[in-house]
Number of protein chains: 2
Amino acid sequence: MASSPAAPDATPPDRPDRRSRRRQETIEEILDLAVEVMTEAGVNGLSLSEVARRLGVQPPSLYKYFPSLMAVYDAIFERGMAEMLAVMHEAMDAQPPGLQSLVAGLDANGRWCLEHPVVAQLLFWRPVPSFEPSPQAFAFSGEMVDVQRAALADAVAAGELGPGAATEEGVCLVSIMIAGSLSQAMANEPGNTWGTGRFSPLFPKLVALLPAAYPPD
Amino acid sequence: MASSPAAPDATPPDRPDRRSRRRQETIEEILDLAVEVMTEAGVNGLSLSEVARRLGVQPPSLYKYFPSLMAVYDAIFERGMAEMLAVMHEAMDAQPPGLQSLVAGLDANGRWCLEHPVVAQLLFWRPVPSFEPSPQAFAFSGEMVDVQRAALADAVAAGELGPGAATEEGVCLVSIMIAGSLSQAMANEPGNTWGTGRFSPLFPKLVALLPAAYPPD
DNA sequence: GTCTATAGCCTGATAGAC
DNA sequence: GTCTATCAGGCTATAGAC
């Protein structure tokens, strides 16, 4: 009673916020621990009981936050996609449009993936056959493709590449370059960061071949 | 007694052969079923009980053939590597040495991987953290790299590529091209065969860029 | 939102009879 | 080489008290 002088007869307006904020923190903590477990047991080896153990609660408590194991996978998928899209956008916006922006974005992409390898596996390989990302989680994936296509179009407009680059084929070719560099780095040199090791430093060399594939007029 | 007129007092010499042949057939069948289970449950979801169920025996019986679950993974790994190396060699030998041979080998490589996707995942990604291939199984991997390096050296000797191609870097660059084409095809268009879809047909286009990366004198 | 308790499964692996 | 029986655990998910 005495603690709410401004609105004594109403529910304090900040209470629900604090509760939902605390709840959101718990959710983030669960996702972080889940990624930790996946790192040790494989993407497919995620166990809610193990997450509960590390969180210091009993397994049933987790079901107040996520209705099922697959919902946890989905949340990790969505959070990962959003995070990667964010670092990619940030890196691209710091560069002039066109090839430079594209390379900067893909570079940030690679860096993030090597820093979050199991999440990257969940995003780009399909190690859990029974998990299908929800439509909204998957929508991020389309947005990533759109961003790359737009950057390629900018490069064509700037005369850096020929018109063939701003096509479905061009997008696929670029995606093969980044996916190849990444998958080789992740599988063969998991300890390395982006830019070190035998594979990821070759990515710029690959991108440098784009003008040879799509020569500007 | 009456059934062995030629050698009545000796162990029939073909008996042990037949037994071990039968045993080998059972082993192959177990491996085939294990791959089937992995296809449905994920590479990490292999269960010996499920394999036993499909084979029509009780789980303990499998331990007469493999001492542990990891031994089954290892056998699948080794058999897969050997098979892929074989189709690769066969394809390369049918071509003149150099770039043509290299491309034919990697093409066969891609075809085999798309036909055996879960085995390919076991070979090239690391979806089962607790599984480490045995040294002899892993040796095949080194042989594959050697073959590619030799083909690159042939290409340099034939004047198709500049000398920089016959290096560690050249091998890594080529491996990125094939790994990228493959991983994009496997992850995004799992139903397709090699040479169809949006990604794998771009592999020749990528290889065609090699002379631009390592221009011959 | 946390807990206990539990249902109803699954697993890898071993012992020992036949 | 097959089986039965079993150990010793694991898991997801639910019910219901507090």
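Chain identifiers are assigned alphabetically (A, B, ...) following the order of the sequence lines, protein sequences preceding nucleic acid strands; residue numbering begins at 1 within each chain.
- Distance alone, capped at 3.5 Å, places no donor-acceptor pair between the N44(B) side chain and the V128(B) backbone.
- A salt bridge between R54(A) and E40(A) is present, with a side-chain N of the basic residue lying under 4.0 Å from a carboxylate O of the acidic one.
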Step by step, would you call F203(B) with L182(B) a side chain to side chain contact (heavy atoms under 4.5 Å, CB included)? CA-CA 9 Å; F203(B) 175 65; L182(B) 252 174; over 6 Å; no

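- A heavy atom closer than 4.0 Å to some atom of DNA chain C occurs in no member of residues 28-36 of chain A.
- Using a 4.0 Å cut-off between a side-chain N of Lys or Arg and a carboxylate O of Asp or Glu, R149(B) and D154(B) do not qualify as a salt bridge.
- Shown here is E115(B), whose CD atom has more than 12 heavy atoms of other residues, nucleotides or ligands within 6.0 Å.
- When heavy atoms are screened at a 4.0 angstrom cut-off, R23(A) is found touching the sugar-phosphate backbone but no base atom.
- For the pair E40(A) CD and dG10(D) P, the interatomic distance rounds to 16 Å; values are reported in whole Å.
- Under the 3.5 Å distance criterion, with hydrogens and angles disregarded, a donor-acceptor pair is assigned to the side chains of W112(B) and E83(B).
- In this structure, L69(B) atom CG and dT11(C) atom C1' are separated by 10 Å, rounded to whole Å.
- Ion pairing between R79(A) and D32(A) holds under the 4.0 Å rule for side-chain N and carboxylate O.
- For R198(A) and E169(B), the salt-bridge test fails: no basic side-chain N is under 4.0 Å from an acidic carboxylate O.
- Less than 4.0 Å separates DNA chain D from at least one heavy atom of each of the following residues of residues 44-66 of chain B: V57(B), Q58(B), P60(B), S61(B), K64(B), Y65(B).
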